[in-house]
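Nothing here was measured: the structure is a model prediction, and the numbers come from that model. The basis for the numbers below is simple: all heavy atoms, side chains too, and nothing from hydrogens, waters or symmetry mates.
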Amino acid sequence: KWQGSPVAVQWLSLESGPAPPDSQASSLSLAGIPTLIVLDPQGEVITRQGRVEVLNDEDCREFPWHPKPVLELSDSNAVQLNEGPCLVLFVDSEDDGESEAAKQLIQPIAEKIIAKYKAKEEEAPLLFFVAGEDDMTDSLRDYTNLPEAAPLLTILDMSARAKYVMDVEEITPAIVEAFVNDFLAEKLKPEPI
């Protein structure tokens with residue numbers, strides 16, 4: 001029970017403050033508070049996005065929140081754009097089923113990349129998003145100076161303040177896979193955000 005808390009904490013938790021250098025907290029690369037990292041019984045990370053997951057799934061129906069290969073960009077998960085490079089496929093969500101079709105288009109590529117890096121016991125170098133038409137998407141387009149075109153395939157790296165834009169008429173799985181592979185091989189020229 002935490003000092004001053006009316007209820008007992010029923011899971012492993014750490015009080016704020018510097019963690020001892022040999023503690024599990026230091027190995028998890030905690031960057032800020034509040035942070036909720038969900039671990040499996042062996043201590044392996046299931047998700048570093050527990051806080052976002054709780055906000056999106058208040059009833060915890062999808063707990064323990066294994067990562068989804070492709071996320072639909074929303075106000076609550078947009079913070080993940082700051083964690084590293086993100087492939088974002090912008091679509092016209094006013095078309096019925098467009099967002100779901102876009103997810104289905106990039107999901108096999110996302111799963112392949114995630115599996116490849118998981119086999120090497122590394123985190124995937126990209127997160128994958130589909131962005132529809134809403135205020136969040138409009139703000140992101142404005143901030144990154146992206147055109148209003150849809151569909152629009154991009155990789156955004158907020159920490160490097162860089163963007164990569166694939167300018168094509170039609171987006172196919174082969175185009176997405178080539179774009180991702182070229183990015184990972186550092187063959188693409190970044191544009192400033």
Legend entry - Co-membership, hydrophobic cluster, residues Leu71 and Leu73, 4.5 Å side-chain: yes
Inset, instruction - With the side chain counted from C-beta on, respond yes when Val70 and Gln104 share a heavy-atom pair under 4.5 Å apart, and no when they do not. - result: no
Legend entry - Leu39 vs Ile46 side-chain heavy atoms within contact, under 4.5 Å: no
Inset, instruction - Find out if a path of hydrophobic residues (ILVMFWY) with successive side-chain heavy-atom gaps under 4.5 Å connects Leu89 to Tyr164. - result: yes
Legend entry - Linked, directly or transitively: Val91 and Leu153 (ILVMFWY side chains, under 4.5 Å): yes
Inset, instruction - Could you tell me whether Lys112 and Glu177 make a salt bridge, using a distance below 4.0 angstrom between a side-chain N and a carboxylate O? - result: yes
Legend entry - Connected via hydrophobic side-chain network under 4.5 Å: Met166 and Leu188: yes
Legend entry - Nearest heavy atoms of Ser159 and Asp157, plus distance in Å: OG-OD1, 3.0 Å
Inset, instruction - For the residue pair Leu140 and Phe90, establish whether any side-chain heavy-atom pair is separated by less than 4.5 Å. - result: yes
Inset, instruction - Using the rule that two of Ile, Leu, Val, Met, Phe, Trp, Tyr join whenever any of their side-chain heavy atoms come within less than 4.5 Å, decide whether Phe129 and Ile155 are in one cluster. - result: no
Inset, instruction - Using a 4.5 Å cut-off on heavy atoms from C-beta on, say whether the side chain of Pro125 contacts that of Phe183. - result: no
Inset, instruction - Measure across Phe128 and Pro69 and return the closest heavy-atom pair with its distance rounded to 0.1 Å. - result: CB-O, 3.4 Å
Inset, instruction - For the residue pair Glu72 and Ser99, establish whether any side-chain heavy-atom pair is separated by less than 4.5 Å. - result: yes
Inset, instruction - Taking only Lys NZ, Arg NE, NH1 and NH2, and the carboxylate oxygens of Asp or Glu, determine whether Lys68 and Glu62 approach each other closer than 4.0 Å. - result: yes
Legend entry - Heavy-atom side-chain proximity of Val54 to Leu36 below 4.5 angstrom: yes
Legend entry - Where Met158 and Asn82 come nearest, the two heavy atoms and their spacing: CB-OD1, 3.6 Å
Legend entry - Nearest heavy atoms of Ile113 and Leu184, plus distance in Å: CD1-CD1, 3.8 Å
Legend entry - Residue pair Pro151 / Ile171: nearest heavy atoms and the distance that separates them: CB-CD1, 3.7 Å
Inset, instruction - Classify the side-chain pair Thr137/Asp135 by whether it contains a donor and acceptor separated by less than 3.5 Å. - result: no
Inset, instruction - Measure the spacing between CD of Glu133 and CD of Glu148 and express it to the nearest 0.5 Å. - result: 7.0 Å
Inset, instruction - Please name the pair of heavy atoms, one in Pro64 and one in Val38, separated by the smallest distance, quoted to 0.1 Å. - result: O-CG1, 3.8 Å
Legend entry - Donor-acceptor contact below 3.5 Å, side chain Lys163 vs main chain Thr154: no
Legend entry - Close side-chain approach of Val176 to Leu87, heavy-atom, < 4.5 Å: yes
Inset, instruction - May I ask you to decide if Glu98's main-chain N or O and Lys103's side chain share a donor-acceptor pair within less than 3.5 Å? - result: no
Inset, instruction - Give a yes or no on whether the backbone of Ala149 and the side-chain of Arg141 come within a donor-acceptor separation of less than 3.5 Å. - result: yes
